Amino acid sequence: MEKIDNLDRQILEIIMRNARIPSKDVAIKCGVSRAAIHQRIQRMIDMGVIVGSGYHVNPKSLGYRTCTYIGVKLEKGSMYKDVVPELEKIPEVVECHFTTGPYTMLCKLFARDNEHLMELLNGKIQKIHGVTETETLICLEQSIHREIPIRKQEEK
């Protein structure tokens, strides 16, 4: 994998704060041409440094008032690859991680309310072949949400 340099890191820091910032403004802040910014961003996309783009939607504005983390235990850890496609069929599941510790998987989902959450748990997740147990952790408030910090590369 190609390395990113301090200019790339500076660009990332700027566009992570505001993905809609015009390239000319990024170029001015970095002291380079707009073409250089476009080339650098495209290269970082091609390298997989920048993944995805778009807008973040507030789930509450769509009626999903309950954010929940579900610890899922499976009969065997190897069943993970069979269970994930089943979880993908549930649109309310927005993240799924294969984990170490007490759970085989940790999933994040949004529900409209507790009744909807119970439907998702009892009617969908717990019915997936291989799921033996779930533990529900309801998020009361999200206190921190951010991207990983961009650190300048140490000069050698």
Side-chain angles (χ1 to χ4, degrees), residues 1-4 6 8-23 25-26 29 37-38 40-153:
M1 177 185 230
E2 294 178 56
K3 294 196 178 208
I4 61 172
N6 284 335
D8 293 329
R9 292 171 190 278
Q10 187 179 4
I11 293 166
L12 286 171
E13 231 177 333
I14 294 166
I15 65 175
M16 280 172 48
R17 275 190 245 115
N18 178 5
R20 293 186 278 179
I21 188 169
S23 296
D25 294 350
V26 178
K29 288 182 181 200
I37 298 300
H38 281 290
R40 294 280 185 137
I41 289 174
Q42 187 57 54
R43 184 174 60 72
M44 287 190 282
I45 290 169
D46 294 343
M47 288 170 48
V49 174
I50 297 173
V51 292
S53 66
Y55 300 100
H56 297 284
V57 177
N58 180 351
K60 287 180 182 177
S61 68
L62 300 175
Y64 293 92
R65 297 189 318 261
T66 304
C67 174
T68 309
Y69 293 88
I70 310 292
V72 179
K73 292 184 181 180
L74 303 179
E75 284 177 38
K76 295 183 285 184
S78 61
M79 297 180 87
Y80 174 75
K81 290 181 180 179
D82 299 321
V83 173
V84 170
E86 296 304 311
L87 288 168
E88 285 178 328
K89 294 176 186 175
I90 304 169
E92 295 87 351
V93 175
V94 296
E95 288 183 27
C96 181
H97 305 269
F98 190 33
T99 61
T100 62
Y103 310 114
T104 312
M105 306 164 69
L106 188 62
C107 300
K108 179 179 179 180
L109 64 82
F110 288 95
R112 292 185 300 276
D113 51 33
N114 286 349
E115 187 176 301
H116 183 218
L117 175 59
M118 198 165 84
E119 282 175 37
L120 292 169
L121 282 168
N122 296 341
K124 294 187 178 184
I125 295 172
Q126 292 172 349
K127 287 188 175 181
I128 296 172
H129 177 71
V131 172
T132 59
E133 204 176 312
T134 61
E135 184 171 349
T136 306
L137 304 141
I138 294 177
C139 176
L140 300 175
E141 179 180 319
Q142 181 178 346
S143 304
I144 298 172
H145 178 79
R146 61 181 170 208
E147 296 292 330
I148 194 78
I150 305 297
R151 306 242 188 257
K152 295 236 179 192
Q153 189 176 355

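Computed from a predicted structure; not experimentally measured.
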Q: Which residues pass the side-chain hydrogen bond (donor to acceptor under 3.5 Å, both in side chains) test with Asp46, sequence neighbours left out?
A: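 With sequence neighbours excluded, Asp46 shows a side-chain hydrogen bond (donor to acceptor under 3.5 Å, both in side chains) to Gln42, given in chain and number order.
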Q: Has Met16 got more than 12 heavy atoms of other residues, nucleotides or ligands less than 6.0 Å from its CE?
A: yes
Q: Which heavy atom in Ala111 sits nearest to a heavy atom in Leu120, and how many Å separate them?
A: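 Smallest heavy-atom distance, with atoms named: CB-CD1, 4.1 Å.
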Q: Provide the closest heavy-atom pair for Asp8 versus Ile4 in the form atom of the first, atom of the second, distance.
A: OD2-CA, 3.3 Å
Q: According to side-chain hydrogen bond (donor to acceptor under 3.5 Å, both in side chains), who are the partners of Glu133, at least two apart in sequence or on a separate chain?
A: none
Q: Run the side-chain donor-acceptor check on residues 136-147: report pairs under 3.5 Å with partners two or more places apart or on a different chain.
A:
unit_1: Gln142; atom_1: NE2; unit_2: His145; atom_2: ND1; d: 3.1

Q: Testing the basics here: between Gly130 and Met79, what is the closest heavy-atom pair and its distance to 0.1 Å?
A: CA-CE, 3.4 Å
Q: Can you pull out every side chain to side chain donor-acceptor pair (under 3.5 Å) where at least one residue sits in residues 115-130? Sequence neighbours excluded, please.
A: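 Every side chain to side chain donor-acceptor pair (under 3.5 Å) pair that includes a residue of residues 115-130, provided the two are not neighbours, is Glu92-His116, Arg112-His116, Gln126-Thr134.
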Q: Would you name the heavy atoms of Leu109 and Leu117 that are closest together and state the gap between them?
A: CD1-CD1, 3.8 Å
Q: Applying side chain to side chain donor-acceptor pair (under 3.5 Å) as the test, list every pair that has at least one member in residues 97-106; sequence neighbours left out.
A: Glu95-His97, Tyr103-Glu135
Q: Output every pair passing side chain to side chain donor-acceptor pair (under 3.5 Å) with a member in residues 58-87, not counting sequence neighbours, ordered by first then second residue.
A: Glu86-Lys89
Q: For the side chain to side chain contact (heavy atoms under 4.5 Å, CB included) test, which of Ile150, Ile37, Asn6 pairs with Ile11?
A: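 Exactly one option meets the side chain to side chain contact (heavy atoms under 4.5 Å, CB included) with Ile11, and it is Ile37.
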Q: Could you please spell out the steps behind the side-chain contact (heavy atoms from CB on, under 4.5 Å) verdict for Arg17 and Glu13?
A: CA-CA 7 Å; Arg17 275 190 245 115; Glu13 231 177 333; 3.9 Å; yes
Q: Kindly indicate whether the side chain of Glu88, heavy atoms from C-beta on, has any atom under 4.5 Å from the side chain of Val84.
A: yes
Q: To the nearest 0.5 angstrom, please state how far the CD1 atom of Ile15 sits from the NZ atom of Lys29.
A: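 Between atom CD1 of Ile15 and atom NZ of Lys29 there are 12.0 Å.
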Q: Would you say the side chain of Leu74 lies within less than 4.5 Å of the side chain of Val83, judging by non-hydrogen atoms?
A: yes
Q: Quick check: do Ile14 and Asn18 have side-chain heavy atoms less than 4.5 Å from each other?
A: no
